[in-house]
Enquirer: 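Below you will find the structure I want to go over with you.
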2 protein chains.
Amino acid sequence: MALDQFSRLGFERVTLAGIAEAAKVSQPALHYHFQDKLQLWRSAMLDLGAVIAEEERLLEVARDAPAITQLRMAMRLFLQISRKHPALGRIVALEGMAGGERLEWLDRHLIGPRNRRMAKLVRQAIADGDIKPYPPEQVVITLETGAVGVINMTPLIRVTFATDPETPAARAAHDDMVLDALFGGFLTDKARNARENAP
Amino acid sequence: MALDQFSRLGFERVTLAGIAEAAKVSQPALHYHFQDKLQLWRSAMLDLGAVIAEEERLLEVARDAPAITQLRMAMRLFLQISRKHPALGRIVALEGMAGGERLEWLDRHLIGPRNRRMAKLVRQAIADGDIKPYPPEQVVITLETGAVGVINMTPLIRVTFATDPETPAARAAHDDMVLDALFGGFLTDKARNARENAP
DNA sequence: TCATTTCCTGATTACAAAGTCAGAAATCTT
DNA sequence: AAGATTTCTGACTTTGTAATCAGGAAATGA
């Protein structure tokens with residue numbers, strides 16, 4: 001699938017011939033359905049958009065809960081989705097580092113609204129005294145990049161540690177680690193204690 | 001400089017003509033000094049290798065300190081170095097996601113030994129009861145990707161939040177956040193308390 | 001059934017970028 | 001200074017790949 005190739009290799013390393021082969025059609029057929037390579041890329045990204053929208057929908061239900069609760073839910077969802085669609089995190093990482101037109105498109109159509117919403121939640125949680133007072137944007141990015149690090153870097157982990165991070169056990173450990181250690185590190189003592197008293 | 005181009009754009013998007021222009025030489029001159037593009041890439045990476053070696057040297061001095069102390073030092077160093085040489089984190093992210101021959105080369109010559117050393121420190125710190133007992137490899141990767149997230153994603157942050165993460169104030173906040181919230185989240189209560197009593 | 005539109009292919013073009021090579025310019029050696 | 005060696009360049013070839021196009025097959029509608 002095109003999405004998979006784009007996310008694993010990045011825009012430039014992907015060839016239309018390769019996508020065509022994987023899709024078992026001829027290369028000009030791609031030009032028929034999508035005008036050019038960029039349009040094809042955008043189309044693949046919009047498929048991911050549906051996934052993000054789904055997440056938004058689930059969070060919407062909890063919009064009256066305290067910000068810190070919503071954030072924890074969002075982290076959990078983010079992990080689930082990142083596992084199910086590893087392409088998403090890789091794409092964001094690739095384009096987010098490079099900058100340029102495609103990043104701006106992604107921002108407008110996929111990730112921008114979600115990230116700004118997250119930052120708003122963090123700001124709220126800080127005001128509530130539940131999250132330590134660091135720049136909300138930095139908190140969001142650090143939580144997200146930290147959470148998907150192990151997922152994105154699967155090839156590196158395999159090479160460097162000769163270990164498979166995709167076994168069920170490794171995934172379970174990772175989920176716990178992200179929610180407990182990573183997310184937990186941003187909690188204030190107040191929020192941490194509240195959690196311990198009401199588990 | 002070639003390093004900068006490679007890290008910002010990735011191997012494929014970089015053209016020899018572009019590097020030649022930036023270096024104010026002709027394109028064939030590159031072929032004279034380095035046989036081909038891959039060799040040029042490797043050479044650029046080895047320049048980064050010197051940076052890593054420097055870090056190793058500084059840490060070597062503290063090898064008798066407790067693992068947790070060494071880890072904190074390593075995080076601090078890692079941040080400094082990542083700021084000074086943003087190319088490093090971007091390259092690792094790019095190749096670490098993609099896998100392949102270049103990743104294996106990087107592992108062997110640059111990042112593998114360091115990461116395995118870090119994992120060993122984490123294992124030790126867990127045994128000491130200072131770090132929460134999660135898979136050491138995952139801890140290392142999560143700490144590293146979380147720490148450089150804001151640095152690597154500078155373009156995304158600018159686009160999404162219309163905010164500059166490279167001002168002195170933003171950097172100072174980021175340093176604190178990484179060492180306090182990110183790293184702190186992996187500490188056990190024991191280690192956290194020990195730190196509070198002896199600041 | 002025929003006509004028309006939709007979908008797709010093989011063959012080809014256009015172009016960008018890696019890599020080659022013969023020889024010029026600069027530098028070093030004695 | 002003369003020769004030898006190193007360093008570099010302009011012009012070229014080769015290759016990989018995006019994009020085009022004329023036309024054929026398949027579906028759709030009358």
Side-chain angles (χ1 to χ4, degrees), chain A residues 1-50 87 90-95 97-106 108-110 155, chain B residues 1-50 87 90-91 93-95 97-106 109-110 155:
Chain A
M1 193 183 200
L3 236 182
D4 194 68
Q5 299 206 30
F6 275 127
S7 75
R8 209 181 304 278
L9 304 170
F11 187 82
E12 350 285 326
R13 264 198 269 192
V14 168
T15 69
L16 290 179
I19 294 176
E21 193 187 2
K24 283 179 203 157
V25 291
S26 70
Q27 183 250 31
L30 295 180
H31 280 283
Y32 175 74
H33 287 287
F34 320 89
Q35 283 87 319
D36 54 23
K37 194 179 176 184
L38 181 60
Q39 297 298 325
L40 170 56
W41 180 86
R42 287 184 180 166
S43 164
M45 292 309 119
L46 287 179
D47 291 349
L48 275 184
R90 290 195 297 248
I91 294 275
V92 173
L94 279 169
E95 304 295 341
M97 286 194 290
E101 212 178 296
R102 287 199 301 274
L103 174 60
E104 283 173 27
W105 189 92
L106 276 180
R108 242 174 297 126
H109 293 83
L110 289 195
Chain B
M1 196 183 198
L3 235 182
D4 194 67
Q5 300 208 29
F6 274 127
S7 75
R8 209 181 304 277
L9 305 171
F11 188 82
E12 351 285 327
R13 263 197 269 193
V14 168
T15 70
L16 291 179
I19 294 176
E21 193 186 1
K24 284 179 201 155
V25 291
S26 68
Q27 184 250 29
L30 296 180
H31 281 283
Y32 173 76
H33 287 288
F34 320 90
Q35 283 87 319
D36 55 24
K37 195 179 176 185
L38 182 60
Q39 297 298 324
L40 170 56
W41 180 85
R42 288 185 179 166
S43 165
M45 292 309 119
L46 286 179
D47 291 350
L48 275 183
R90 290 195 297 248
I91 293 274
L94 280 169
E95 305 295 342
M97 287 195 289
E101 211 177 298
R102 288 199 301 275
L103 174 60
E104 285 175 26
W105 189 92
L106 276 180
H109 294 82
L110 288 195

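Keep in mind that what you see is a predicted model, and the values were worked out from it rather than measured. Heavy-atom basis, side chains included; hydrogens, waters and symmetry copies ignored. Proteins get letters first, then strands, A, B, ... in listed order; numbering begins at 1 in each.
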Enquirer: Could you please name the option among C:dA18, D:dA19, D:dC8 that lies closest to any side-chain atom of A:Lys37?
Expert: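 Closest of the options to the side chain of A:Lys37: D:dA19.
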Enquirer: Got a sec: does the CD of A:Glu21 have more than 12 other heavy atoms crowding it under 6.0 Å?
Expert: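 No - once you tally the heavy atoms of other residues, nucleotides and ligands closer than 6.0 Å, there are 12 at most.
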Enquirer: Specify the separation, in whole Å, of atom CG of A:Leu30 and atom C1' of C:dC7.
Expert: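 Rounded to whole Å, this separation is 13 Å.
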Enquirer: Measure from CZ on B:Phe34 to C1' on D:dT6 and round the result to the nearest Å.
Expert: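 The answer, rounded to whole Å, is 15 Å.
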Enquirer: Ignoring hydrogens, what is the shortest heavy-atom contact between B:Ser7 and B:Arg90? Give both atom names and the distance.
Expert: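 For B:Ser7 and B:Arg90, the tightest heavy-atom pair comes out as OG-NH2, 2.9 Å.
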Enquirer: Below the 4.0 Å mark, does D:dC8 have OP1 or OP2 next to a side-chain nitrogen or oxygen of B:Tyr32?
Expert: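 Result: no.
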Enquirer: Specify the residue among B:Pro28 and A:Val25 whose closest nucleotide of DNA chain C lies further upstream toward the 5′ end.
Expert: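 Final value for this comparison: A:Val25.
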Enquirer: Hey, does A:Ile91 have a side-chain heavy atom less than 4.5 Å from the side chain of A:Leu110?
Expert: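 A side-chain contact is absent here, since even the closest heavy-atom pair is not under 4.5 Å.
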Enquirer: Mind calculating the distance between CD (A:Glu12) and P (C:dA17) to the nearest angstrom?
Expert: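 Value for this atom pair: 11 Å.
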Enquirer: Ring-plane angle category for A:Phe11 and A:Phe6, please: parallel below 30°, perpendicular beyond 60°, tilted otherwise.
Expert: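 Rings of A:Phe11 and A:Phe6: parallel, under 30°.
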Enquirer: Measure from the side chain of B:His33, starting at C-beta and using heavy atoms only, and say which of C:dA18, D:dC8, D:dT20 lies closest.
Expert: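 Minimum distance to the B:His33 side chain belongs to D:dC8.
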Enquirer: Can you find a donor-acceptor N/O pair under 3.5 angstrom joining the side chain of B:Gln27 to the base of C:dA17?
Expert: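 Absent.
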Enquirer: Would you kindly give the CD-to-C1' distance between B:Gln5 and C:dA17, to the nearest whole Å?
Expert: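 Spelled out: CD on B:Gln5 to C1' on C:dA17 is 14 Å.
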Enquirer: To the nearest angstrom, how far is B:His31 atom NE2 from D:dT7 atom P?
Expert: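 Rounding to the nearest Å, NE2 of B:His31 and P of D:dT7 are 17 Å apart.
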Enquirer: Starting at atom CG of B:Leu16, determine the distance to atom P of D:dT9, rounded to an integer number of angstrom.
Expert: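 Going from B:Leu16 (CG) to D:dT9 (P), I get 14 Å.
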Enquirer: Considering every strand and a 4.0 Å limit on heavy-atom distances, what is the contact class for B:Gln35: base, sugar-phosphate, or nothing?
Expert: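 Nothing, no nucleic acid heavy atom in range.
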Enquirer: Can you tell me how far P of C:dA16 sits from CD1 of B:Ile19, to the nearest Å?
Expert: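 Going from CD1 in B:Ile19 over to P in C:dA16 covers 18 Å.
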Enquirer: Applying side chain to side chain contact (heavy atoms under 4.5 Å, CB included) between B:Arg102 and each of B:Glu95, B:Arg42, B:Met45, report the one that passes.
Expert: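 The passing option is B:Glu95.
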Enquirer: Just the rounded figure in Å: distance from P of C:dG19 to CG of B:Asp36.
Expert: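 In whole Å, C:dG19 P lies 5 Å from B:Asp36 CG.
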